[in-house]
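Keep in mind that what you see is a predicted model, and the values were worked out from it rather than measured. What's counted below: heavy atoms across the whole structure, side chains too, no hydrogens, waters or symmetry copies. Residue numbers begin at 1 in each chain, while the letters A, B, ... track the order of the sequences.
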There are 2 protein chains.
Amino acid sequence: MPERGDAIRQQIIEAANRLFYQRGYNQTSFRDIADAVSIPRGNFYYYFKTKDDILYAVIDHRIESIRATLAAWDATSTDPQHKLRLFLAMLRNSDSELAQYGCPMGSLNIELGKAQPVLKAKARQMFDLFRDWLTVQLTALEVSQPQAMALHLLGRAQGIAVMAQTYNDTALLHTEIDQLVNMLNAIPAKSALP
Amino acid sequence: MPERGDAIRQQIIEAANRLFYQRGYNQTSFRDIADAVSIPRGNFYYYFKTKDDILYAVIDHRIESIRATLAAWDATSTDPQHKLRLFLAMLRNSDSELAQYGCPMGSLNIELGKAQPVLKAKARQMFDLFRDWLTVQLTALEVSQPQAMALHLLGRAQGIAVMAQTYNDTALLHTEIDQLVNMLNAIPAKSALP
DNA sequence: GTCTATAAGAAGATAGAC
DNA sequence: GTCTATCTTCTTATAGAC
């Protein structure tokens, strides 16, 4: 059952989640988060002992969010090709955020990968979720190396996000996503096989 | 003619260049750079007034380095396809740095793009150099949309760098670069045209 | 559970002696 | 040109009153 204070804890996580994305983890201070939630700075430490603790909670929050998204896609259809299009549609629908702040998973991994290996290992778990889900869909489509193809797709998405943010250009993002959709449609549907 | 102190100024730029890449711009302090060059912190301000000034100098240094690299590639061959392979060979040769710290251009743009628009505009100039050089080569190869293709290639390289760093995996990088080499070789050579 | 006050240290930056 | 001392502000974090 929910304890008292859980609501504020949740507010902190959501504010930190947004700020870490928009400013970066190291560029976000306790003060920023406390101000966003309108609680005094000192009270902060009742909920989280260290800054790393908040990051872990934020990543866990994101992981749950990703799991929910993937489950929703799985519930929408049994056609793996259609599910993969949902993945690309998500990127397309996030165009303005991606052009402003880049990919939340990618930018966090790059930042932490520079000099915070322990935190980065945690952040990588978000990538693993997508990689494994994509691998399942590509296995169902019987492509030759499903996991390599899953990593390829993730990489393409990351590259598109970096370029869209670098040039602040959603049109570039749309053009590149279209190419991925075409590539996907070129995979022979399993039902067409003997 | 070189003034006194230029040698130390150059040492500062080179140390900052390395530290910005390995730790990130915002995660590198004056103290870090001063210690790396073994000069007292106070003396630092004789050479650079603000931290932004150092970043500008570092980016200018990188831009000169990129220009020199592109000029060297241009001098090596007149065959655009061969020159494009030199671009991909550079990525392959940087595999361990890319897997550790990501792409120096991409990671800097992502970091600054979050909340430092003025600095990011400067950092984007590095991308412009590669974009324009790639566009020239692809125009010579008479591909249909040379600039879009140049941005596509840059994006592919960025995506590969993000994945290589996220999974700390140079093998993944090699696999993906091989695909780019194959894609490049599939472009019909201009000399084969009527 | 909530809040105030404040510590301890690191950050960017300055003044001024040598 | 070089260096010491110092300032202010911000950061993470704690103690303890309410």
Side-chain angles (χ1 to χ4, degrees), chain A residues 1-59 108 111-112 114-119 122, chain B residues 1-59 108 111-112 114-120 122-123:
Chain A
M1 57 190 124
E3 296 176 24
R4 284 176 132 283
D6 268 15
I8 289 178
R9 199 187 146 89
Q10 203 56 30
Q11 281 177 51
I12 290 173
I13 292 173
E14 274 155 29
N17 183 36
R18 202 189 69 245
L19 289 167
F20 288 171
Y21 177 41
Q22 294 177 346
R23 306 188 190 181
Y25 171 65
N26 291 300
Q27 285 306 107
T28 303
S29 69
F30 278 162
R31 175 186 296 257
D32 294 331
I33 305 170
D35 287 354
V37 190
S38 295
I39 60 166
R41 305 166 217 342
N43 196 8
F44 205 97
Y45 288 83
Y46 173 73
Y47 298 100
F48 294 97
K49 294 292 161 234
T50 70
K51 199 180 173 187
D52 291 1
D53 286 345
I54 312 174
L55 181 62
Y56 281 118
V58 164
I59 293 176
L108 186 63
E111 180 181 1
L112 301 176
K114 293 254 178 207
Q116 287 140 300
V118 177
L119 297 177
K122 178 76 183 171
Chain B
M1 59 192 124
E3 296 176 23
R4 285 178 133 283
D6 268 14
I8 289 178
R9 199 187 146 89
Q10 203 55 32
Q11 281 177 53
I12 291 174
I13 291 172
E14 273 154 31
N17 183 36
R18 202 188 69 243
L19 289 167
F20 289 170
Y21 177 42
Q22 294 177 345
R23 306 187 190 180
Y25 172 65
N26 290 300
Q27 285 306 107
T28 303
S29 69
F30 278 162
R31 177 186 294 258
D32 294 331
I33 305 170
D35 287 355
V37 190
S38 295
I39 60 166
R41 303 167 221 340
N43 196 8
F44 206 96
Y45 289 83
Y46 173 74
Y47 299 100
F48 295 97
K49 295 293 162 230
T50 69
K51 199 181 173 188
D52 290 2
D53 286 345
I54 312 173
L55 181 61
Y56 281 118
V58 165
I59 293 176
L108 186 63
E111 179 182 2
L112 301 177
K114 294 254 178 207
Q116 287 141 301
V118 178
L119 297 177
K120 185 202 151 197
K122 177 76 183 171

Atom [atom1] of [X] to atom [atom2] of [N]: distance rounded to whole Å?
X: A:Lys49; N: D:dA15; atom1: NZ; atom2: P; result: 11 Å
X: B:Ile12; N: C:dG12; atom1: CD1; atom2: C1'; result: 15 Å
X: B:Tyr45; N: D:dA5; atom1: OH; atom2: P; result: 18 Å
X: A:Arg9; N: C:dT2; atom1: CZ; atom2: P; result: 13 Å
X: B:Asp52; N: C:dG12; atom1: CG; atom2: P; result: 11 Å
X: B:Phe48; N: C:dG12; atom1: CZ; atom2: C1'; result: 16 Å

Check your understanding: What pair of heavy atoms forms the shortest contact from B:Gly24 to A:Lys114, and how long is it?
Key ->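 The pair with the smallest heavy-atom distance is N-CD, 3.8 Å.
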
Practice item. Determine the minimum heavy-atom distance between B:Asn26 and B:Gln116, stating which atoms define it. Key: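 Minimum heavy-atom separation between B:Asn26 and B:Gln116: OD1-NE2, 3.0 Å.
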
Check your understanding: Which parts of residues 20-34 of chain A get close to DNA chain D, meaning a heavy atom less than 4.0 angstrom away?
Key ->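 Residues of residues 20-34 of chain A under 4.0 Å from DNA chain D: A:Thr28, A:Ser29, A:Phe30, A:Arg31.
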
For [X], what residues pass the ring-ring contact (aromatic ring centres under 6.0 Å, His included) criterion, not counting sequence neighbours?
X: B:Tyr21; value: B:Tyr101
X: A:Tyr56; value: none
X: A:Tyr25; value: A:Phe20

Output a table of donor-acceptor pairs, distance under 3.5 Å, between side-chain atoms of residues 31-40 of chain A and any protein atom two or more places apart or on a different chain; print 'none' if there are none.
from, atom 1, to, atom 2, distance (Å)
A:Asp32, OD1, A:Arg23, NH1, 3.3
A:Asp32, OD2, A:Arg23, NH1, 3.1
A:Asp32, OD2, A:Ser29, N, 3.0
A:Asp32, OD2, A:Ser29, OG, 3.2
A:Asp35, OD1, A:Arg41, NH1, 3.2

Review point. Is there a side-chain contact between A:Leu55 and A:Leu112 (heavy atoms, below 4.5 Å)?
Key: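 Result yes, sub-4.5 Å side-chain heavy-atom pair found.
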
Exercise for review: Side chain of B:Tyr47 only, please: which of D:dT2, D:dT12, C:dT2 is the nearest?
Suggested key: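 Among the listed nucleotides, the one closest to the side chain of B:Tyr47 is D:dT2.
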
Practice item. Please find out if less than 6.0 Å separates the ring center of B:Tyr45 from that of B:Phe30. Key: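 Yes, they do, as the ring centres are separated by less than 6.0 Å.
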
Anything under 3.5 Å between a protein N or O and an N or O of nucleotides 3-6 of chain C, put it in a table, one pair a line.
from, atom 1, to, atom 2, distance (Å)
C:dC3, OP2, A:Asn43, ND2, 3.4

